[in-house]
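What's counted below: heavy atoms across the whole structure, side chains too, no hydrogens, waters or symmetry copies.
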Amino acid sequence: MDKLQAEDARYLKRKVKRGSLDVHPTEKALVVQYEVEATILGEMGDPMVGERKECQKIIRLKSLNANTDIATLARRVVEECRLIHPSELPEVEQLLFYLQNRKKPDKQEKHSPRDLTPFEGMEEANINSIDDYVELLYEDIPEKVRGATLILHLARNPDNLEELLQNETALGALARVLREDWKQSVDMATTIIYVFFCFSSFSQFHGLVTHYKIGALCMNITEHELKRYDLWQDELQKKKKAYILQLRSKEHEKALKKYQGLLSKQEQLLQVALYLLLNLAEDTRTELKMRNKNIVHMLVKTLDREDEELLVLVVSFLKKLSIFLENKNDMAETYAVEKLARLLACDHENLLNTTLRLLLNLSFDTGLRSQMVQAGLIPKLSSLLADEKQGQLCMCILYHISVDDRFKSMFAYTDCIPQLMKMLFECGESHMDPELISFCINLAANKRNAQLICEGNGLKMLMKRGLKLKDVLIMKMIRNLSQHDGPTKNLFIDYVGDLAAQIGAEEREEYVIECLGTLANLTIPDLDWELVLKEYNLVPYLKDHLNPGSAEDDLILEVVIMIGTVSMDDSCAATMAKSGIIPALIELLNAQQEDDEFVCQIVYVFYQMVFHQATRDVIIKDTQAPAYLIDLMHDKNAEIRKVCNSTLDIIAEYDKECERKIQSEKFRWHNAQWLEMVENRAMGDDGEPSMFGDDGEPFMHSGDILERPDLFYTSGCVTQSSSSATLWWYFNPSHIMLTPVCGADTYSSCACLCPCSMNMDMFGQSTVTPGQRPATAYGIRPDAQFFYSYTGAASR
């Protein structure tokens, strides 16, 4: 409205039009909406300027309680408020009755800072008086608090923000007072920050807040208040000790009460400041600036507080920050998990839920999962699995922990497994949550957990569901259970027939894979595999699925493993040999020679078959298997080398020709450097002619290397590390001593690179032979298997 000269205005006409009447959404109060129309008349009574404004009046009813007489109170409200017509008395009574019986909202439902104390008893603020409020900001501290509070009263109404935005004088004055005087009054700092918080609630006003550098001020204020808190704590402890020694308990109580009052105001200030920073953190560039100023360290330090509303805000802020690697690393350095573990025992539903979501984000990191275990989170989270609202989050966190093989066994000492089994069985034939079954699959990979799962009717119920519903994931869990030696594996004898009946072309491949894998794990001596193969006609199925490309590689691999298991039985091995499976395995070995898993398991089949006379003769005399094994003897994969060498040792005991070839190849391998040096040395270092003459005949002939006694010397000989040594002693007969191959009567030392003095066998292999089929080509035992893992980004 333009300013008018006094002589231009003679009359002012004001008209009030009543609007709606309703209850306040959170307080015990009535809200009266009305419209004010003001018109200025000129000398002739003509309207010169007119303005219309919507207003509201809040009638607070502090005395309203369960025993209040509603009729009496309604009459009093109508009498004292001229905006309510007497004819509306019944409506007022109805609204008061609603307020009297309305339930109080839970504390956790609040999502904005609590109402400020200065509001109580404060006069109604008017947007037209903004200049007067700004003038108060230039007075003493009490007047500054009053002026800031009145401006805040206006800012809390979103309709006024646009008009306040245009008033640069007011905003500049607020920013200046906050920057210069925030240490002098906590109430003033809280109120002014709250004004800018109202702007920060809308993204389009973030530029305004940034322009006045309120975010940086809030960071400084937060850091200062946290240091003050530490000083208060130290001072309180010192006073407590002094008062106890002097038996002055009343003074201690007085000091404690004063401290609690200061703490309450400080937490109110921290809540408003951090909430403003959280709003500004929508921009990742602003968030990065906060991170560079150690916002994570401040937030983690604030987790020591007891105020639940402040903790909800802090944990929410940390959850937002946790999706970035740098912030996650800061949380690991400050041991945030230990402080979060304390919050899991709280009764505040929103705080508990937010804490679990933050822990879920952090659980994607291996190091932080380790901190969670050390902080005792496994039993705490396990106890929350039955909670309908928090159980799903707890399960996801525990699932991540169960992925780590080090922590699987710890679940056996909680009530986690019985609860999970109860959840599984309650699903009946309905679809079960993937998180539940994935968690169970991981736990089943541990031997102690498997025993707990199978207790009572556990295995029976799992088998019943898995076979009836053809449930692949349940069968995967059963397969994990079957890989543990001991009493657990013996429980599967009753289900061998049921599992074997599932092996057929009509079933889904992924389902057959799990059934085959379970059967292949049953290395039980008393199990009659020959009867199983005949009754369920499995041999043709196994042979047909050895052809490369006949099925998915996973299924073919399980067929190979199954053949290795049944080949432990003498009659089964003979049946396999007669059916032509051995040539099919060699063909498959050729096709999958780059896949270490296939190579390792096929070699293991040969290892099992050479134990039996019937299959041993077939492998040695009728196939090229020994040649392939010799080629694989020095494979880069350690598991393949172990199984291969064990198989060749058995073959060498029964076939002398193979024994010579194997010894020759092993000698070549272990003495390769020495032989290469001798082969390539045509002249001595001193220029003397080669000791082998001038005819140019190569040192290494085409004959068997083990027939060359001139290659073996005694203590004066060349070793692997002395390839540059002079060969003067080759011509000295006193140094030449014929030495047999290691394994015969050895002399004091050998010219060859001999492993006989080490804890190894005669060819440098470990003296421990594999008594069981390797779990994989990489030597991972059953307890180290991984199944599902979350690969998506952490939730915000």
TODO: Check whether any side-chain heavy atom of R357 lies under 4.5 Å from a side-chain heavy atom of N353, and answer yes or no.
DONE: yes
Task: Atom NZ of K489: over 12 foreign heavy atoms under 6.0 Å - done: yes
TODO: Check whether NZ of the Lys or CZ of the Arg R305 lies under 6.0 Å from the centre of the six-membered ring of Y229 and within 45 degrees of that ring's axis.
DONE: yes
Open item on the list: Treating K319 as the side-chain partner and T355 as the backbone partner, does any N or O pair qualify as donor plus acceptor under 3.5 Å?
Closed with: no
Task: Nearest-0.5 Å distance, CZ of residue F492 to CD1 of residue I478 - done: 6.5 Å
TODO: Inspect the contact between K238 and E235 and indicate whether a charged nitrogen and a carboxylate oxygen are less than 4.0 angstrom apart.
DONE: no
Task: Contact check, side chains of L280 and M290, non-hydrogen atoms, under 4.5 Å - done: yes
- [ ] State whether the side chain of N361 and the backbone N or O of I323 hold a donor-acceptor pair below 3.5 Å, judged by distance alone.
- [x] no
Open item on the list: Treating Q371 as the side-chain partner and A332 as the backbone partner, does any N or O pair qualify as donor plus acceptor under 3.5 Å?
Closed with: yes
- [ ] Would you please name every residue forming a salt bridge (charged side-chain N to carboxylate O under 4.0 Å, His left out) with E426, sequence neighbours left out?
- [x] none
Task: Donor-acceptor contact present, side-chain N350 to main-chain V312, <3.5 Å - done: no
Open item on the list: Which label fits F196 and Y212: parallel for a plane angle under 30°, tilted from 30 to 60°, or perpendicular past 60°?
Closed with: tilted
Task: Heavy-atom side-chain proximity of K227 to E223 below 4.5 angstrom - done: yes
Task: More than 12 heavy atoms from other groups under 6.0 Å of OH on Y335 - done: no
Open item on the list: Could you walk me through whether M432 and I474 satisfy the side-chain contact (heavy atoms from CB on, under 4.5 Å) test, starting with their C-alpha distance in whole Å, then the side-chain angles of each, then the deciding distance to 0.1 Å, before giving a yes or no?
Closed with: CA-CA 10 Å; M432 66 176 62; I474 288 289; 4.0 Å; yes
- [ ] Say whether K470 and Q502, considering side chains only, have a donor N or O and an acceptor N or O under 3.5 Å apart.
- [x] yes
Open item on the list: Checking R369 against T366 for the side-chain contact (heavy atoms from CB on, under 4.5 Å) test, could you report, in this order, the C-alpha distance in whole Å, the side-chain angles of both residues, the deciding distance, and whether it holds?
Closed with: CA-CA 5 Å; R369 288 201 297 267; T366 305; 3.4 Å; yes
Task: Full working for side-chain contact (heavy atoms from CB on, under 4.5 Å) between L443 and L452 - done: CA-CA 10 Å; L443 294 182; L452 293 176; over 6 Å; no
Open item on the list: Do V314 and V300 have side chains that approach each other closer than 4.5 Å (heavy atoms only, starting at C-beta)?
Closed with: no
- [ ] Please answer whether the main-chain N or O of F197 pairs with a side-chain N or O of S201 as donor and acceptor at a distance below 3.5 Å.
- [x] yes
- [ ] Verify, without hydrogens or angle tests, whether T518 (side chain) and E514 (backbone) share a donor-acceptor contact under 3.5 angstrom.
- [x] yes
- [ ] Taking the side chain as every heavy atom from C-beta outward, state whether T302 and L310 have any atom pair closer than 4.5 Å.
- [x] yes
TODO: Quick one: pull up CD in Q260 and CG in L262 and give me the separation to the nearest 0.5 Å.
DONE: 10.5 Å
Task: Whether S438 side chain and E435 backbone form a donor-acceptor pair below 3.5 Å - done: no
Open item on the list: So that I can tick it off, tell me whether K389 and D387 are bridged by a salt bridge, with the cut-off set at under 4.0 angstrom between side-chain N and carboxylate O.
Closed with: no
- [ ] Would you indicate whether K380, at its atom NZ, is surrounded by more than 12 heavy atoms from other residues, nucleotides or ligands within a distance under 6.0 Å?
- [x] yes
Open item on the list: Could you tell me if the side chain of L344 sits less than 4.5 Å from the side chain of L359, heavy atoms only?
Closed with: yes
Task: Residue pairs passing the salt bridge (Lys or Arg N to Asp or Glu O under 4.0 Å) test where at least one lies in residues 336-346, sequence neighbours excluded - done: D304-K339, E306-R342
Task: Check: E287 main-chain N/O paired with T284 side-chain donor or acceptor under 3.5 Å - done: no
Task: Nearest non-hydrogen partners of A29 and L99, listed with the distance - done: O-CD1, 3.7 Å
Task: Separation of L360 CG from L381 CG (nearest 0.5 Å) - done: 10.5 Å
TODO: Would you check if S370 and F407 make a side-chain contact, meaning some heavy-atom pair closer than 4.5 Å?
DONE: yes
Open item on the list: Quick one, T149 and M188 - any side-chain contact, counting heavy atoms below 4.5 Å?
Closed with: no
- [ ] Mind checking the CG-SG spacing from L352 to C346? Nearest 0.5 Å is all I need.
- [x] 5.0 Å
TODO: Take Y413 and R448 through the side-chain hydrogen bond (donor to acceptor under 3.5 Å, both in side chains) test and state the conclusion after the steps.
DONE: CA-CA 10 Å; Y413 304 100; R448 176 57 183 151; 5.7 Å; no
Open item on the list: Can you confirm whether the side chains of E282 and S203 place a donor and an acceptor under 3.5 Å from each other?
Closed with: yes
- [ ] State, to 0.1 Å, how close V195 and A148 come at their nearest heavy-atom pair, and which atoms those are.
- [x] CG2-O, 4.1 Å
Open item on the list: Looking at every heavy atom in both S200 and V209, which two are closest together, and how far apart are they?
Closed with: N-CG2, 4.2 Å
Task: Distance, nearest 0.5 Å, that separates CZ of F199 from NE2 of H206 - done: 12.0 Å
Open item on the list: Has N446 got a side-chain atom pairing as donor or acceptor with N449's backbone, closer than 3.5 angstrom?
Closed with: yes
Task: Shortest non-hydrogen separation from C440 to L424 and the atoms involved - done: SG-CD1, 3.7 Å
Task: Side-chain ion pair, E429 and K468, N-O less than 4.0 Å - done: yes
- [ ] Take K301 and D230, measure what salt bridge (charged side-chain N to carboxylate O under 4.0 Å, His left out) needs, and give me the verdict at the end.
- [x] CA-CA 10 Å; K301 196 172 183 180; D230 292 337; 2.6 Å; yes
Open item on the list: As a test of understanding, state which of R406, K408, H400 forms a side chain to side chain donor-acceptor pair (under 3.5 Å) with D404.
Closed with: R406
Task: Among T190, L263, D307, V186, the one residue meeting side-chain contact (heavy atoms from CB on, under 4.5 Å) with Q268 - done: T190
Open item on the list: Would the distance check show the side chain of E552 and the main-chain N or O of E509 forming a donor-acceptor pair, the cut-off being under 3.5 Å?
Closed with: no
Task: Interatomic distance, L340 atom CG to L368 atom CG [nearest 0.5 angstrom] - done: 10.0 Å
Open item on the list: Testing the basics here: between L362 and K328, what is the closest heavy-atom pair and its distance to 0.1 Å?
Closed with: CD2-CG, 4.2 Å
